[in-house]
2 protein chains.
Amino acid sequence: MNSLVEENYLKALFSLSNGDGEVNVNDLSKHLEIKMPTVTSMMKKLAAKKLVHYKSYKPLRLTARGRKEAALVIRKHRLTEMFLVEKMGFGWEQVHEIAEQIEHIKSPIFFSKMDELLDYPKFDPHGSPIPDINGKITGKAYRKLSECNEGDTVKMAAVINTSDEFLKFLNSREIHLGLKIKINSVEPFDHTMVVSYENHLSESLSHMVCERLLVEKE
Amino acid sequence: MNSLVEENYLKALFSLSNGDGEVNVNDLSKHLEIKMPTVTSMMKKLAAKKLVHYKSYKPLRLTARGRKEAALVIRKHRLTEMFLVEKMGFGWEQVHEIAEQIEHIKSPIFFSKMDELLDYPKFDPHGSPIPDINGKITGKAYRKLSECNEGDTVKMAAVINTSDEFLKFLNSREIHLGLKIKINSVEPFDHTMVVSYENHLSESLSHMVCERLLVEKE
DNA sequence: TAATTTTGTTAGAACACTCTAACTTATTAG
DNA sequence: CTAATAAGTTAGAGTGTTCTAACAAAATTA
Ligand SMILES: [Mn+2]
Ligand SMILES: [Mn+2]
Ligand SMILES: [Mn+2]
Ligand SMILES: [Mn+2]
């Protein structure tokens with residue numbers, strides 16, 4: 001059984017893993033806001049538990065077991081977020097902090113009950129895929145809104161790096177998952193996009209914003 | 001802000017407090033399954049935080065602040081149990097262990113949302129009163145079934161010291177809160193009661209069981 | 001009352017997790 | 001290719017929570 005602290009390290013390792021699955025101590029340290037020596041010693045501990053491949057001065061990699069256990073924590077996090085939104089009436093900008101705590105509850109039945117009540121959801125309220133009970137993730141490859149072109153019509157599929165303020169901004173513009181957005185024009189200078197959707201006929205979205213919106217082509 | 005561990009000590013102190021509000025280190029130690037020296041040092045820490053009155057070799061007493069903070073943890077515990085039963089479909093024998101963990105979640109809005117969704121419940125699934133947001137408890141004085149007499153008809157109001165096995169036993173006899181029970185006879189030798197209710201015309205309940213059932217006189 | 005048992009405290013240590021300071025290895029810039 | 005910078009490690013310490021061993025006080029028994 002992993003501790004709350006270990007679970008948070010595993011989750012961070014997982015989400016910082018790119019294509020090659022490598023993570024730098026430094027990046028992990030910054031992401032968790034925990035100093036590098038502390039991270040190093042925790043990596044040795046997780047290596048002893050066969051959850052991380054650790055070699056001095058080399059990038060970190062989760063083992064297959066580590067990846068699975070990380071995915072199961074992420075599963076609990078995302079199921080919780082979905083439950084909070086769908087069954088308790090929270091806004092999508094309110095649920096991350098609560099899920100950050102509830103993901104550590106030790107009670108398989110608690111999460112399987114959530115799963116059942118939600119009718120086995122595939123995505124969390126921010127559009128991120130919910131890993132299955134074996135830790136397998138079946139994620140679609142969405143594209144960033146910022147990479148789309150003038151004239152495209154796209155559908156909102158997910159948001160990246162979901163901070164409170166960003167989600168509140170989206171709320172203020174009535175941007176939500178499933179929304180159909182038409183790209184009217186792209187400013188060549190700063191990549192600001194002018195888009196229209198529903199009763200918003202001309203809304204400007206900065207490049208920062210468009211980088212954080214994942215969409216599907218129609 | 002109290003830690004998870006401190007919250008568990010406060011809760012234990014509260015529930016071990018009798019009329020005079022005094023608790024022995026030894027009883028607390030046994031209740032928490034934590035050795036006495038550890039308890040002593042935690043009591044000094046809680047005393048430094050003005051949550052406990054501590055004098056060497058004297059019984060422990062919660063301060064007014066300590067009592068309030070304990071009641072607020074118990075509030076979170078009981079709200080959670082009620083939510084798990086009423087909104088998630090758990091049995092009353094399943095919820096205590098989960099609530100033991102969720103009571104430590106730091107998120108006022110999470111618990112106030114539960115309270116709202118449950119329409120401000122006054123009792124938990126075991127009949128224990130839920131303290132209000134100020135830590136005030138308005139508990140009725142029920143009586144033990146074991147103290148009632150032959151011929152009495154009573155209504156199930158609460159269960160004491162709710163263990164898994166005990167609640168499963170009650171389930172197996174279809175005994176639940178609100179149930180009307182008639183006492184047919186009391187065995188003078190061992191105080192076993194023969195009772196009837198609903199479609200159970202003659203059910204024997206040992207003294208141990210009757211000691212743990214709280215009832216209201218009709 | 002005196003001996004014994006129970007209850008409670010002190011001292012010292014261990015484990016989990018965190019930090020700063022100092023050092024080493026790897027990467028980047030000139 | 002060196003010099004400077006960035007990344008990573010080691011050593012040593014601190015906080016929170018727990019333990020065992022030894023001792024002291026209080027309560028109980030004889
Ligand atoms: Mn989240
Ligand atoms: Mn977390
Ligand atoms: Mn309970
Ligand atoms: Mn608890």
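Just so we're on the same page: letters track the sequence lines, and every chain starts at 1.
Distance CD1 (I34(B)) to P (dA14(C)): 21 Å, rounded to an integer number of Å. Atom CD of E33(A) is separated from atom P of dT18(C) by 12 Å (rounded to the nearest Å). Summarising the geometry, the separation between CG on N24(A) and C1' on dT9(D) is reported as 15 Å, rounded to the nearest angstrom. Between the CD atom of E6(A) and the P atom of dA16(C) there is a distance of 9 Å, given to the nearest Å. Atom CE of M36(A) and atom C1' of dC23(C) are 13 Å apart (whole Å). L4(B) places its CG atom 21 Å from the P atom of dT15(D), with the value rounded to the nearest Å. In this structure, the CG atom of N8(A) is 9 Å from the P atom of dT18(C), given to the nearest Å. Between K44(B) atom NZ and dG16(D) atom P the separation is 16 Å, expressed in whole Å.
Taking side-chain N and O atoms only, Y9(A) has a distance below 4.0 Å to OP1 or OP2 of dT18(C).
To the nearest 0.5 angstrom, R212(B) atom CZ is 5.5 Å from N161(B) atom CG.
Looking at S185(A) and E150(A), their side chains never bring a donor and an acceptor atom within 3.5 Å of each other.
Looking at the side chain of T38(B), the nearest of the listed nucleotides dT7(C), dT18(C), dT18(D) is dT18(D). Distances were taken from every side-chain heavy atom of N26(A) (C-beta onward) to each of dG8(D), dT10(C), dT7(C); the shortest belongs to dG8(D). Among the nucleotides dT10(D), dT9(C), dT18(D), the one closest to any side-chain atom of V25(B) is dT9(C).
Panel note: side chain S29(B), backbone V25(B); no donor-acceptor pair is recorded below 3.5 Å.
Within the structure, every pair that satisfies the side chain to side chain donor-acceptor pair (under 3.5 Å) test and touches residues 57-70 of chain A, not counting sequence neighbours, is listed here: N2(A)-E69(A).
Place M42(A) and Y57(A) on DNA chain C by their nearest nucleotides, and M42(A) ends up nearer the 5' end.
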